[in-house]
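Worksheet: the structure to be examined is printed underneath.
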2 protein chains.
Amino acid sequence: MRRTKQDAQKTYDAILNASAALFAEKCISNVSLEEIAKAANVTRGAIYWHFKNKGEIFNALHESVFQPLSEIILQDLHSEEEAPLQLLSNLCVKLLLDITQDTSKRQMMTLFLLHWNYTGDIAKYKEPHLAKKEESLQLFAKYFEKAKADGTLPECADPMFLTISVRCYLKGIIIEYLNNPESIDLEKNAEHLIVQFFRQFNV
Amino acid sequence: MRRTKQDAQKTYDAILNASAALFAEKCISNVSLEEIAKAANVTRGAIYWHFKNKGEIFNALHESVFQPLSEIILQDLHSEEEAPLQLLSNLCVKLLLDITQDTSKRQMMTLFLLHWNYTGDIAKYKEPHLAKKEESLQLFAKYFEKAKADGTLPECADPMFLTISVRCYLKGIIIEYLNNPESIDLEKNAEHLIVQFFRQFNV
DNA sequence: GACAATATACATACATGAATGTATATTAAT
DNA sequence: ATTAATATACATTCATGTATGTATATTGTC
């Protein structure tokens, strides 16, 4: 039953996709490799050929996610057209809307914001994953630094503090939505939620 | 080896405490009853005597937590002394500081905000627990309703919308802190974070 | 107030099932 | 022919739940 390389890639992707959906739904430790195999239409043998164990699947998923966001931010930061806080506000709204519209992104968010928990076999990924997070946090801060530099924010403003504040708010909204989609009509309210929040900066 | 009733109560409490710590640390499904038993200095026999299974322990923990908060809020709402938004702001700060200072409260927050996941045996608790949450959300909204009634907020303000906004922000801060305590010096910044946020309402 | 009778509060032992990892078999590309 | 890409079979571990054992509080009875 040996497949061609493209077929192998397909089963690799199928395993990742199935894992993402199941991990997001049930948390990593409640998903067995047998379940993943079934959902991906393969056997556990195939999984063990492509991945060392469940932890490695999890890690592969993580890597596939954290690149794209950083790229958007870096693009934004090079733009000289719009005010930085306006760009940040837009980015936040975009992130929220993305989650409502893109199943796969929603799954990833659910997995990495809600259902992760680094214990047992996957404990060793905690530090590298946290490091990646920290990196993207630093990028967020740049919006505020730019805003401060161009006088939009007062001298006393602390970019890192404001970054944390925005980040918490955004995270809180996303988590609330993921936990209980009906409680926020995010598609409708995303913009309002963000704009209202940015009022504290007089944007 | 039969113990007196008070002794039995002690082991009951010990099981709950041990469970809280372990659940908060490792997520429910990664904790075995054997582990809980060891941490509580009993055997699994004792656990099965007091609880039907792990899910019932989880549920007992939930019940022990959600009463106290509602009581604080209800007290606040009866107070006529201070402005409602000021009271709400104070409550938020208090909640944040509590978490930094009280280990047991921190554990509970970690469990119910971060490490819950209602799958498998504990799936059946999802709805009742969500209902309790909804209940407390309604209480939060009352602060804004009062503020609107006394003219602090403009006519167009939507209390439920603002409630959700505050709730998300608060949740986001707590989750960020629980995930990574060093990233926020919450003890120092709690008040500032909240006050800054409430500026959007001109408080 | 003494003394069974019984229910209580556990501990221990066992039976079962599920998940993991590995070893081996299979098949088809290259 | 060889090896890459799977499937299958098996061995082991671990957690759960239950059944059973046991000692001691507690309760009713005289």
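Each chain gets a letter, A, B and so on, in the order its sequence line appears, and its residues count up from 1.
- For B/His50, taking side-chain heavy atoms from C-beta onward, the closest of the listed nucleotides C/dC10, C/dT20, C/dT30 is C/dC10.
- Rounded to an integer number of Å, the gap from CG of A/Asn30 to P of C/dT20 is 11 Å.
- Closest contact between the side chain of B/Lys5 and the listed nucleotides D/dT26, C/dC10, C/dG21 involves D/dT26.
- Atom pair B/Asp7:CG and C/dA11:P shows a separation of 12 Å (rounding to whole Å applied).
- Nearest to the side-chain atoms of B/Ser32 among the listed nucleotides C/dT30, C/dA11, D/dA15 stands D/dA15.
- The side chain of B/Ala8 has C/dC10 as its nearest neighbour among C/dC10, D/dA7, C/dG21.
- If you take CG of B/Asn53 and P of D/dG17, they are 6 Å apart, rounded to a whole angstrom.
- For the residue pair A/Tyr125 and A/Glu56, a side-chain donor N or O sits within less than 3.5 Å of a side-chain acceptor on the partner.
- If you take CG of B/Leu22 and P of D/dA15, they are 13 Å apart, rounded to a whole angstrom.
- The phosphate of D/dA5 (OP1 or OP2) has no side-chain N or O of A/Thr4 nearer than 4.0 angstrom.
- The distance from atom SG of A/Cys92 to atom CZ of A/Phe198, rounded to the nearest 0.5 Å, is 4.5 Å.
- In this structure, CG of A/Asp13 is placed 16 Å from C1' of D/dT6, rounded to the nearest angstrom.
- No hydrogens or angles considered: nothing links the side chains of A/Glu25 and A/Gln107 as a donor-acceptor pair under 3.5 Å.
- If you check D/dT18, C/dT22, C/dC10 against the side chain of B/Tyr48, the one that comes closest is D/dT18.
- With rounding to whole Å, A/Trp49 atom CH2 is found 13 Å from C/dA29 atom C1'.
- Residue-to-nucleotide proximity on DNA chain D shows that, of B/Glu35 and B/Gln6, the 5′-proximal contact is made by B/Glu35.
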Evaluation steps, side chain to side chain contact (heavy atoms under 4.5 Å, CB included), between B/Arg167 and B/Ser136:
CA-CA 11 Å; B/Arg167 187 186 168 78; B/Ser136 87; 4.2 Å; yes

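- Residue B/Thr43 is in base contact, counting any heavy-atom pair closer than 4.0 Å across all strands shown.
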Test A/His62 against A/Phe112 for ring pair (Phe, Tyr, Trp, His ring centres under 6.0 Å), laying out the working first.
CA-CA 8 Å; A/His62 188 270; A/Phe112 291 109; 5.0 Å; yes

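- A/Glu56 has its CD atom 11 Å from the P atom of C/dG21, to the nearest Å.
- Atom C1' of nucleotide D/dA7 and atom CG of A/Leu33 are separated by 15 Å, given to the nearest angstrom.
- Proximity of A/Thr11 to the phosphate of D/dT6: a side-chain N or O atom is located under 4.0 Å from OP1 or OP2.
- Mapping B/Gly45 and A/Arg44 onto DNA chain C via the closest heavy atom, the residue that lands nearer the 5' end is B/Gly45.
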